[in-house]
Amino acid sequence: MAVLKRRGYVPQDIEPKWQKVWAERGVLVADDASDRPKYYNLVMFPYPSGELHMGHMRNYVIGDLVSRFYRMRGLEVLSPFGWDAFGLPAENAAIKAGRHPRDWTLGNIAIAKRQLAMMGVLYDWSREVTTCLPDYYRWTQELFLLFWERGLAYRRMAPVNWCPFDKTVLANEQVINGRCWRCDNLVEKKDLEQWFFKITEYADRLLDDLELLRGTWPEKVRVMQANWIGRSHGAEVDFAAENGEQIRIYTTRPDTLFGATFMVLAPEHPLVERVTTDAQRDAVRAYVERARRETEIERLSTEREKTGVFTGAHAINPVNGERIPIWIADYVLMGYGTGAIMAVPGHDERDFEFAKKFGLEIREVIAPPSGPVGELTAAYVEKEGSLVSSGQFDGMAPGPAIAAITTWLAEQGKGEAVTRYRLRDWLVSRQRYWGCPIPMVHCESCGLVPVPHSELPVELPPEYKPLAENPEWYTVTCPSCGRPARRETDTLDTFIDSSWYFLRYTSAHERERPFDPELANRWMAVDQYTGGVEHAILHLLYSRFFEKVLHDAGMVEPLEPFLRLFTQGMVKRNGQVMAKSAGNGVAADDLVKREGADAGRIYEMFIGPPEDDAEWTDSAIAGPVRFLHRVWRLVLEPETIEHSSATAAPASDEVLRRRTHQAIRKVTDDYTSFAFNTAVSALMELANAMQEHVAGGGALGEVWRESVDALILLLHPMAPHVTEELWERTGHAGLCADAAWPEYDATAAADPTITLIVQVDGKLRDRLELSAGLTEAGAREAALRSEKVGRALAGRPPRQVHYIPDRLINLVL
RNA sequence: GCCGAGAUGGCGGAAUCGGCAGACGCGUCGGUCUCAAAAACCGAUGUCCGCAAGGACGUGCGGGUUCGACUCCCGCUCUCGGCACCA
């Protein structure tokens with residue numbers, strides 16, 4: 001595309017000038033001591049991966065727009081920025097390019113910082129944080145120790161997700177369809193000793209407090225988090241195996257206990273070996289071996305057939321003393337519940353399928369409201385109807401029966417009510433160099449010993465090589481007994497770094513603690529948090545967890561870190577999400593060179609609702625480009641706009657003023673509610689109205705100047721450079737960025753005339769321009785006077801009349 | 001399979017409460033200017049019938065409620081996102 005050459009407005013001439021002024025004057029540096037109401041406006045800090053394109057920019061433009069808007073409305077805005085700078089891509093790039101991950105990362109930060117400035121995006125850079133620098137990660141280590149001291153960090157052997165390509169373990173949340181979230185390779189299961197955070201201890205609060213976010217977080221995100229935590233209420237029940245072992249099962253449907261016709265243990269269940277009979281031992285061992293070898297590919301095959309093997313053993317159903325067979329099957333997971341189930345094929349789809357395949361008994365114990373089915377052809381899973389073949393509980397509805405049977409089990413000492421979660425503890429250790437070192441020491445005699453606070457930070461060694469292969473680094477003396485010991489060589493998941501950065505911003509230079517609680521409470525909670533939906537579970541759940549732990553530690557008051565959450569959609573081009581790898585990104589540098597930052601910003605806001613994905617069309621940016629040239633001309637040289645007596649309605653100050661105040665109302669509402677696309681439309685309409693005013697020979701007096709000022713001010717959050725220039729050129733002292741938001745005058749915006757819609761039998765027949773405040777009789781009279789209406793009525797009198805004052809009248813025949 | 005969101009012109013999208021469907025743009029067509037082109041500016045632009053006036057149809061599909069439905073209800077289809085043997 002050729003560089004657009006137009007008279008007057010040359011964005012490339014004015015944009016750098018104003019960027020310099022804003023920076024010099026520290027326009028967006030937040031004042032901790034201000035007595036204006038605070039507004040903490042946060043955008044998700046990025047991973048510095050290289051050049052920014054317009055897909056990245058959408059987030060930052062929204063953030064900047066919000067900052068500028070609320071500043072103009074008189075709030076003390078805190079809008080900090082930083083870098084989520086530890087992580088695998090830096091290591092991968094470093095391996096490829098032979099550079100140290102730190103150099104690669106810091107280089108990218110410099111590029112991104114320049115590009116943000118070039119887009120006119122302002123931040124309070126005095127609070128910048130970079131998670132890979134010791135002055136940040138020393139506090140991450142401090143917080144790790146706080147979790148350790150509060151019993152929330154522990155180390156244990158566990159089956160974990162191992163990515164063979166990235167050579168590290170992954171959190172459950174980082175495994176997507178059995179694949180690594182970073183490199184997309186299949187994940188393996190391994191038994192390893194790893195560090196965990198006890199997020200499950202906070203499961204109830206993380207779930208229940210989602211209620212505090214109703215209406216201010218996208219419903220989608222709240223639902224996703226609730227499902228991820230996955231709380232279920234049920235009972236644990238002991239079944240006695242015939243060899244004397246107790247097998248504890250978990251069920252959410254104790255009401256179906258009389259329908260249990262067999263039991264199933266997970267292949268990894270510790271009792272498998274002990275209950276299996278000699279006759280079945282070989283078959284069971286073969287099955288368990290196969291299940292162990294089974295890869296994620298087989299796990300994921302969609303139409304997965306049930307497999308299993310009989311142990312030869314039996315157990316006794318505690319409610320009715322029945323003897324039922326014990327099976328092994330991999331559809332029962334060791335990681336959930338107790339790793340063992342009672343199978344109720346009549347009322348569970350999976351058990352039904354298994355029973356059908358292996359010819360096991362299917363028994364009906366819940367009759368639907370319409371009565372017992374007799375021969376079940378599918379599992380009846382609804383909780384409606386009544387119990388049958390269930391001894392003393394017959395006739396009860398499933399709901400009450402759940403409570404009654406659970407109570408009975410507890411009284412008999414055979415079971416108890418239990419709450420279970422899908423959420424697992426957070427695996428936080430990674431076998432990578434480029435992360436925050438875990439400040440712990442392994443001592444043969446003392447065990448796990450925390451590094452004393454006075455010795456923090458535990459710094460990464462300068463040389464880039466795996467920590468476990470760096471004896472010079474890991475060999476230390478035990479802080480407790482002084483004997484030779486070994487440093488922990490794992491580093492922390494980068495999601496820990498990003499779980500508290502918003503707190504660090506509130507006192508980024510604090511030297512004694514991770515953050516100053518007083519300042520944290522001055523700014524927290526975040527009033528507006530903006531970022532991508534891809535963080536709906538991971539980052540947002542972990543940050544909420546940290547906030548609650550730090551609340552409990554007395555370091556910050558709010559229970560939830562983010563009051564309002566906005567998740568913006570992704571920008572696509574040629575049908576694909578803009579990405580370096582897809583080669584379809586619109587580079588920010590190119591855009592600024594061609595169309596200018598302001599036009600790019602407007603286009604990005606105009607492209608569609610900000611919460612939706614948007615398709616970037618190269619030609620469509622012409623609209624915002626033309627619009628800005630038109631604004632320039634309207635403000636600085638309205639006399640060059642031709643009078644066009646043929647088309648223009650006679651102009652009046654009253655009409656111009658009305659449309660100006662209507663625009664103030666609309667744009668203010670739209671900025672508040674994140675409807676940026678319609679805010680652009682409203683501004684274009686105001687410009688159209690002003691142009692019509694001039695073309696119609698309207699006066700260029702006081703009302704005109706009010707419109708010009710409003711146009712500049714309303715446009716400023718979206719297109720800061722051109723408006724700053726116009727503000728100066730129209731003779732205002734001070735910065736447009738510092739100016740007060742225009743006041744909306746309801747009287748001026750009120751329309752004295754209305755368009756009455758006239759319908760006959762619900763069909764539009766005429767529109768009448770009338771003065772407002774019409775009675776039904778008056779409206780009816782006016783409607784009947786219309787020639788078009790007369791034709792439609794054809795002499796018939798209306799039987800009914802529906803009148804919506806000042807809007808519509810419907811004559812029904 | 002379950003949960004959530006969505007489907008409106010050639011394209012992006014708009015439509016506070018059930019009351020003018022298609023705002024605002026892009027694109028396209030026509031015009032002005034120009035030797036010409038680009039840019040700029042002006043006008044037209046949902047579909048069909050009609051010279052026109054005007055009329056009919058039209059918000060994924062099929063029903064329903066209503067004087068009146070893009071909007072509410074019932075039943076589908078398709079698209080996107082999340083979860084996925086969680087007992």
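Labels below follow one simple rule: chain letters A, B, ... track the order of the sequence lines, proteins then strands, and each chain is numbered from 1.
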task = Only counting residues at least two apart or in another chain, list the ones meeting ring-ring contact (aromatic ring centres under 6.0 Å, His included) with A:Y671.
result = A:F69, A:W741
key: Rounded distance (Å) that lies between atom C1' of B:rA84 and atom CD of A:E353   = 14 Å
request  = Using side chain to side chain contact (heavy atoms under 4.5 Å, CB included) as the criterion, list what pairs up with A:T753, not counting sequence neighbours.
outcome  = A:D751, A:E769
key: Under the side chain to side chain donor-acceptor pair (under 3.5 Å) test, residues paired with A:R422 that sit two or more places apart   = none
inquiry  = Using the P atom as the point on both nucleotides, what is the distance between B:rC73 and B:rA69, in whole Å?
reply    = 16 Å
Whole-angstrom distance between B:rG50 and B:rC57, as gauged at atom C1' = 15 Å
message = Below the 4.0 Å mark, does B:rA87 have OP1 or OP2 next to a side-chain nitrogen or oxygen of A:R420?
response = no
query = What interatomic distance, in whole Å, is found between C1' of B:rG18 and the corresponding atom of B:rU71?
reply = 7 Å
request  = Measure from the side chain of A:L764, starting at C-beta and using heavy atoms only, and say which of B:rA21, B:rG27, B:rA87 lies closest.
outcome  = B:rA21
query = Rounded to whole angstroms, how far apart are CD1 on A:I621 and C1' on B:rC24?
reply = 16 Å
key: Contact residues, residues 334-343 of chain A to RNA chain B [heavy atom, < 4.0 Å]   = A:Y336, A:I341
inquiry  = Taking the ring centre of each residue, are A:F566 and A:W217 less than 6.0 Å apart?
reply    = no
key: Nucleotide opposite B:rU34 in a Watson-Crick or G-U pair, distances under 3.5 Å   = none
inquiry  = So, using salt bridge (Lys or Arg N to Asp or Glu O under 4.0 Å) as the criterion, who are the partners of A:D612 when residues are at least two apart?
reply    = none
Between N or O atoms, less than 3.5 Å apart, protein on one side and nucleotides 10-19 of chain B on the other: list the pairs.
| residue | atom | partner | partner atom | Å |
| --- | --- | --- | --- | --- |
| B:rG12 | O2' | A:I607 | O | 2.6 |
| B:rA14 | OP1 | A:N677 | ND2 | 3.0 |
| B:rG19 | N2 | A:Q759 | OE1 | 3.3 |
| B:rG19 | N2 | A:N810 | ND2 | 3.3 |

key: side-chain N/O A:R626 vs B:rC41 OP1/OP2, d < 4.0 Å   = no
ask   = What does A:V533 touch in the nucleic acid at a heavy-atom separation under 4.0 angstrom: a base, only the sugar-phosphate, or nothing?
value = nothing
ask   = Got a salt bridge between A:R633 and A:E639, using NZ or NE/NH1/NH2 to carboxylate O under 4.0 Å?
value = no
key: Under the side chain to side chain donor-acceptor pair (under 3.5 Å) test, residues paired with A:T419 that sit two or more places apart   = A:H233
task = Would you please name every residue forming a side chain to side chain donor-acceptor pair (under 3.5 Å) with A:T200, sequence neighbours left out?
result = A:D425
key: With sequence neighbours excluded, residues passing side chain to side chain donor-acceptor pair (under 3.5 Å) with A:R214   = A:E211
note = With the side chain defined as heavy atoms from C-beta on, A:A622 is closest, among B:rG27, B:rA87, B:rG82, to B:rG27
message = Using the C1' atom as the point on both nucleotides, what is the distance between B:rC42 and B:rG46, in whole Å?
response = 23 Å
key: Pair assignment for B:rG6, Watson-Crick or G-U wobble, requiring both distances under 3.5 Å   = B:rC78
key: Cationic tip of A:K306 above A:F354 ring, under 6.0 Å, 45° of axis   = no
Under 3.5 Å, which donor-acceptor pairs do the side chains of residues 677-684 of chain A form with other protein atoms, sequence neighbours left out?
| residue | atom | partner | partner atom | Å |
| --- | --- | --- | --- | --- |
| A:T678 | OG1 | A:D670 | OD2 | 2.9 |
| A:T678 | OG1 | A:A675 | O | 3.1 |
| A:S681 | OG | A:N677 | O | 3.4 |

task = Quick one: list whatever passes ring-ring contact (aromatic ring centres under 6.0 Å, His included) with A:F676, sequence neighbours left out.
result = A:F674
query = Across all strands, who's sitting opposite B:rG19 as a Watson-Crick or G-U wobble pair, both distances under 3.5 Å?
reply = B:rC67
Watson-Crick/G-U partner (both atom distances under 3.5 Å) of B:rA14 = none
inquiry  = Below the 4.0 Å mark, does B:rA5 have OP1 or OP2 next to a side-chain nitrogen or oxygen of A:R222?
reply    = no
remark   = Pairing partner of B:rA56, by Watson-Crick or G-U wobble and under 3.5 Å for both distances, is B:rU47
task = Would you classify A:Q691 as touching base, sugar-phosphate or nothing, given that sugar-phosphate means primed atoms plus P, OP1 and OP2, and contacts are heavy atoms under 4.0 Å?
result = sugar-phosphate
message = Counting the atoms with a prime plus P, OP1 and OP2 as sugar-phosphate, which does A:R765 contact under 4.0 Å by heavy atoms, base, sugar-phosphate, or nothing?
response = sugar-phosphate
ask   = Which is true for A:K763 with a 4.0 Å heavy-atom rule: it touches a base, it touches only sugar-phosphate, or it touches nothing?
value = sugar-phosphate
inquiry  = Would B:rC51 be called syn or anti here, given the cut-off of 90° from 0?
reply    = anti
message = Does B:rG25 have its OP1 or OP2 closer than 4.0 Å to a side-chain nitrogen or oxygen of A:N688?
response = yes
message = Any side-chain N or O of A:R630 below 4.0 angstrom from OP1/OP2 of B:rG25?
response = yes
Polar atoms only, N or O, under 3.5 Å: list the protein pairs with nucleotides 2-4 of chain B and their distances.
none

Whole-Å P distance, B:rG6 and B:rG60 = 13 Å
